[in-house]
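Worth saying up front: this structure is predicted, and the values here are computed from it rather than measured. Chain letters run A, B, ... following the sequence lines, proteins first, then strands; residues in each count from 1.
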Protein chains: 2
Amino acid sequence: MKENAENPAGLDRLVHEPARLIILTALSELESADFLFLLRLAGLTKGNLSSHLDKLEAAGLVEVEKRFVGKKTNTLIRITGSGRAAVEEHWRRLDDLRHRSLQGNPRP
Amino acid sequence: MKENAENPAGLDRLVHEPARLIILTALSELESADFLFLLRLAGLTKGNLSSHLDKLEAAGLVEVEKRFVGKKTNTLIRITGSGRAAVEEHWRRLDDLRHRSLQGNPRP
DNA sequence: GCAATATAGTTTGCACTACAAACCGAATTG
DNA sequence: CAATTCGGTTTGTAGTGCAAACTATATTGC
């Protein structure tokens, strides 16, 4: 298992991907949300959202709980501690990239 | 030619890609830089940088000029007007995503 | 002066992945 | 009870980011 094989600027693709960045950022404020909420928020197809959630879950960034609400299935997605840490770290790195991208490099 | 085929949150993958985001962000401050400078800055292999620059050039976000400095070839990369606009817009959208991601969506 | 090494890139092949479309089962509606 | 809706999962594919292999010129060692 590769930890975070030094992407440029340390930006983890798993988090950086637009759809997942939206999902994680929203979850870091909401704590949890259901499938359809995220579907509308991110503007994805269901299939698409499903596979993004698989990846986030596989990486331990979210937990997916399937339960019944009345008689209907309902999928609840919750952000984990390391999920929250990952988004926050990601935004920090983006800030660094934006504002300190040239530090330590000689001007050409 | 597709303008910007509605990615989630309007984030253009061409700009969003970490290596290219670094390159464009740096160029938007420096105006121009040479190949090797960008190579070190982004921490890419030469091959990799070359193909990223191809894509940015094809999209009209940068201009690539090959010239001689003394007897050695030297490749100068310059950001274009629309390149600058694209990065700035991209950072704006990231800000929106980060701070207003939940606007207009009902809480679950 | 010519072999070896360095510099400055480009081309190529592959492994991954984001996406839409197809699919599926259960519940609800007409 | 047939059709539709809801809530998802699986599948096939096109695209792309990457490293490695390659090329061409310049420099250095002997």
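- One atom, NZ of A/K46, and another, C1' of D/dC6, lie 7 Å apart when rounded to the nearest Å.
- Using a 4.0 Å cut-off between charged nitrogen and carboxylate oxygen, B/E29 and A/R98 do not count as a salt-bridge pair.
- The CG atom of A/L76 lies 11.0 Å from the NZ atom of A/K66; values are rounded to the nearest 0.5 Å.
- When each of C/dA18, D/dG17, D/dT9 is scored by its nearest atom to the side-chain atoms of B/R13, the top-ranked nucleotide is C/dA18.
- You won't find any donor-acceptor pair under 3.5 Å spanning the side chain of A/K72 and the base of C/dA27, going by distance alone.
- Minimum atom distance to the side chain of B/T75 is reached by C/dA8, of the listed C/dA18, C/dA8, D/dC6.
- Taking atom CG of residue A/N74 and atom P of nucleotide C/dG25, one finds them 21 Å apart after rounding to whole Å.
- B/H16 and B/H90 have tilted rings, their planes meeting at an angle from 30° to 60° on a 0 to 90° scale.
- Residues B/R13 and A/P18 are in side-chain contact: their nearest non-hydrogen atoms beyond the backbone lie under 4.5 Å apart.
- With rounding to whole Å, B/L49 atom CG is found 11 Å from D/dC18 atom P.
- The distance from atom CG of B/L36 to atom C1' of C/dT10 is 14 Å, rounded to the nearest whole Å.
- Here A/H52 reaches the OP1 or OP2 of C/dC19: one of its side-chain N or O atoms lies under 4.0 Å away.
- In this structure, B/L53 atom CG and D/dC18 atom C1' are separated by 15 Å, rounded to whole Å.
- Comparing C/dA18, D/dT9, D/dG17 against the side chain of A/S50 picks out D/dT9 as the nearest.
- Phosphate proximity of C/dA20 to A/T45: present, with a side-chain N or O under 4.0 Å from OP1 or OP2.
- Between B/E17 atom CD and C/dC16 atom P the separation is 17 Å, expressed in whole Å.
- The CZ-P distance, from B/R40 to C/dG9, rounds to 11 Å in whole Å.
- Atom CG in A/L44 sits about 17 Å away from atom P in C/dT17, given to the nearest Å.
- The side chain of A/N48 contributes an N or O atom lying less than 4.0 Å from OP1 or OP2 of C/dA20.
- Listed nucleotides D/dA19, C/dT10, D/dT16 differ in distance to B/F35; the shortest reach to its side chain belongs to C/dT10.
- For B/K66, a side-chain nitrogen or oxygen approaches OP1 or OP2 of C/dT10 to under 4.0 Å.
- Judged by distance alone, with hydrogens and angles left aside, the side-chain atoms of B/S82 form a donor-acceptor pair with the main-chain N or O of B/G60 at under 3.5 Å.
- The phosphate of C/dA18 (OP1 or OP2) has a side-chain N or O of A/K55 nearer than 4.0 angstrom.
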